[in-house]
Chemist: 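A single structure is presented below for examination.
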Amino acid sequence: MRRVFTVLSVTLVILLTAAPALASHAWGIYHWARDTKSFTLELGDNTTTAEWSSILGKVATDWSKSKVLDTVKAEGLTNDHQSCKPTLGRVEICNGRYGEQLWVGIARIWIQADSHIVQGVVMNNDSYLDNPKYPSYRTPEARRYVLCQEVGHTLGLDHQDEDFRNESLGTCMDYTAASDFVNNLTPNRHDYQQLELIYEHLDSFTTVGTSAAAAAGYGVSREVTDLPNGLRLISWIIWAR
């Protein structure tokens, strides 16, 4: 019997419209399946410069302060950073000149059974983050803020606040004007607490690690438009202003 698959796209637009701060900032019910109290998630380094690679190392260390997970910088497994194709059981990190399309960073996750993340990618847009036309984005602080937030999404986190006019919360999961990136470079205590809530239960299997995800039967095409086995593609976007 032929199965019908659905692609679900969730787009986040950074605007000046007010939105209330959320006491809980889980991204729906999306999470990595795991059968141990803590797990290690590889962040594949497909970046093109030493600076991006260094920032990725810092971001991995920051998220590893969580009690329930560690993120580690690992060798990238995508052959084309421009397309940033995913790999089962991990998150591939890429940067490139993706064009002045109004987005600065994108995080994408593939899910099965409506909730379990099986792979993810993060794309950082150097058309803004390394372009003299946009000096407020062309800084190490902007790159770290964007990468930190997008990795947070691939762990299952939403934003803590979506109003630029509010006081800075001291977290990369806060909507932030470029002038305040320096105060929001890392996760904060509330982010770590939210991860503990997301991962307080155990699953009977794991989707973390290429071999574990493959053994669980999560076959995924390396083309974003082809999603077998009922997977859904979900995207978060940081828009340029």
Chemist: Check N184, T176, N183 against S168 for a side chain to side chain donor-acceptor pair (under 3.5 Å) and give me the one that passes.
Modeler: N184
Chemist: If hydrophobic clusters are built by linking Ile, Leu, Val, Met, Phe, Trp and Tyr wherever their side-chain heavy atoms come under 4.5 Å apart, do V182 and Y134 end up in the same one?
Modeler: no
Chemist: Mind checking whether Y137 and F181 have parallel, tilted or perpendicular rings, split at 30° and 60°?
Modeler: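 Tilted: the ring planes of Y137 and F181 meet at 30° to 60°.
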Chemist: Would you kindly say whether T186 and D62 are connected by a side-chain donor-acceptor distance under 3.5 Å?
Modeler: no
Chemist: Do N131 and E100 have side chains that get closer than 4.5 Å, going by heavy atoms?
Modeler: yes
Chemist: Does a side-chain heavy-atom distance below 4.5 Å link I109 with H153?
Modeler: no
Chemist: Indicate yes or no: at least one non-hydrogen side-chain atom of S53 is less than 4.5 angstrom from one of K73.
Modeler: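 Touching, per the 4.5 Å side-chain cut-off.
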Chemist: Drop me the distance from I106's CD1 to C84's SG, to the nearest 0.5 angstrom.
Modeler: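 Reported to 0.5 Å precision, the distance equals 10.0 Å.
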Chemist: Is the shortest side-chain heavy-atom distance between H190 and M173 below 4.5 Å?
Modeler: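 No. Closest side-chain heavy atoms not under 4.5 Å.
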Chemist: Show your working on side chain to side chain contact (heavy atoms under 4.5 Å, CB included) between D80 and K85 and close with a plain yes or no.
Modeler: CA-CA 7 Å; D80 181 2; K85 295 179 180 179; 5.6 Å; no
Chemist: Rounded to the nearest 0.5 Å, what separates atom CH2 in W52 from atom CD1 in I93?
Modeler: 9.5 Å
Chemist: So, E92 and H81: side-chain donor and acceptor under 3.5 Å apart, yes or no?
Modeler: no
Chemist: Output yes when a side-chain donor or acceptor of W63 lies under 3.5 Å from a complementary backbone atom of C148, and no otherwise.
Modeler: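 Flag set: sc W63 to bb C148 pair under 3.5 Å.
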Chemist: Could you walk me through whether I117 and T154 satisfy the side chain to side chain contact (heavy atoms under 4.5 Å, CB included) test, starting with their C-alpha distance in whole Å, then the side-chain angles of each, then the deciding distance to 0.1 Å, before giving a yes or no?
Modeler: CA-CA 8 Å; I117 303 170; T154 68; over 6 Å; no
Chemist: What are the two closest non-hydrogen atoms of L56 and L43, and how far apart are they?
Modeler: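 So the two residues come closest at CD1-CD1, 4.0 Å.
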Chemist: Within the distance-only criterion (no hydrogens, no angle test), does the side chain of S38 pair as donor or acceptor with the backbone N or O of L69 below 3.5 angstrom?
Modeler: no
Chemist: Are the side chain of S127 and the backbone of G99 linked by a donor-acceptor contact shorter than 3.5 Å?
Modeler: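 Flag set: sc S127 to bb G99 pair under 3.5 Å.
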Chemist: Shortest non-hydrogen contact from N125 to Y98?
Modeler: OD1-N, 3.1 Å
Chemist: Under 3.5 Å, side chain of Y199 to main-chain N/O of W32, donor-acceptor pair present?
Modeler: yes
Chemist: Indicate whether the side chain of Y145 and that of Q149 have a donor and an acceptor atom separated by less than 3.5 Å.
Modeler: yes
Chemist: Which heavy-atom pair separates V122 from V151 by the least distance, and what is that distance?
Modeler: CG2-N, 4.1 Å
Chemist: Does a side-chain heavy-atom distance below 4.5 Å link L202 with R34?
Modeler: yes
Chemist: For the atom pair NE2 (H25) and CG (D174), what is the distance rounded to the nearest 0.5 Å?
Modeler: 10.0 Å
Chemist: If Ile, Leu, Val, Met, Phe, Trp and Tyr residues are connected whenever their side-chain heavy atoms lie under 4.5 Å apart, and connections chain through other members, are L102 and V146 in the same group?
Modeler: yes
Chemist: If you define the side chain from C-beta out and look only at heavy atoms, does anything of I198 sit under 4.5 Å from Q194?
Modeler: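 Side-chain contact under 4.5 Å: yes.
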Chemist: Are R143 and P140 side-chain neighbours, meaning at least one heavy-atom pair lies under 4.5 Å?
Modeler: yes
Chemist: What's the separation between atom CZ in R90 and atom CD in Q119, rounded to the nearest 0.5 Å?
Modeler: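 The distance works out to 11.0 Å.
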Chemist: Would the distance check show the side chain of R97 and the main-chain N or O of D126 forming a donor-acceptor pair, the cut-off being under 3.5 Å?
Modeler: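 Looks like yes, one N/O pair under 3.5 Å.
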Chemist: Indicate whether the side chain of T171 and that of D191 have a donor and an acceptor atom separated by less than 3.5 Å.
Modeler: yes
Chemist: Is the backbone of G57 close enough, under 3.5 Å, to the side chain of T61 for a donor and an acceptor to pair up by distance?
Modeler: yes
Chemist: I'd like to know if the side chain of N124 reaches the main chain of C94, judged simply by a donor and an acceptor atom lying under 3.5 Å from each other, with no hydrogens or angles considered.
Modeler: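 Looks like yes, one N/O pair under 3.5 Å.
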Chemist: If only atom types and distance count, is the side chain of D203 paired as donor or acceptor with the main-chain N or O of F205 below 3.5 Å?
Modeler: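 Such a contact is absent between D203 side chain and F205 backbone.
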Chemist: Any non-hydrogen side-chain atom of V208 less than 4.5 Å from a side-chain atom of T40?
Modeler: no
Chemist: Where the side chain of N95 meets the backbone of T48, is there a donor-acceptor pair that is under 3.5 Å apart?
Modeler: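 Indeed, once roles are kept as given, a pair shorter than 3.5 Å links the two residues.
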Chemist: Could you tell me which non-hydrogen atom of W103 sits nearest to which non-hydrogen atom of M123, and how far apart they are?
Modeler: CZ3-O, 3.7 Å
Chemist: I'd like to know if the side chain of K67 and the backbone of E196 have a donor-acceptor N/O pair within less than 3.5 Å.
Modeler: no
Chemist: To the nearest 0.5 angstrom, please state how far the OG1 atom of T78 sits from the CG atom of D45.
Modeler: 12.0 Å
Chemist: In Å and rounded to the nearest 0.5 Å, what is the OG1 to CZ distance from T71 to F39?
Modeler: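 Between T71 OG1 and F39 CZ, I get 9.5 Å after rounding to 0.5 Å.
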Chemist: Search all heavy atoms of L77 against all heavy atoms of N46 and return the closest pair with its distance.
Modeler: N-OD1, 3.4 Å
Chemist: If you take all heavy atoms of Q101 and Y128, which pair is closest and at what distance?
Modeler: N-OH, 3.4 Å
Chemist: Taking atom types as modelled and ignoring hydrogens, do the side chains of Q160 and N188 form a donor-acceptor contact shorter than 3.5 angstrom?
Modeler: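 Judged by distance alone, the side chains do pair up.
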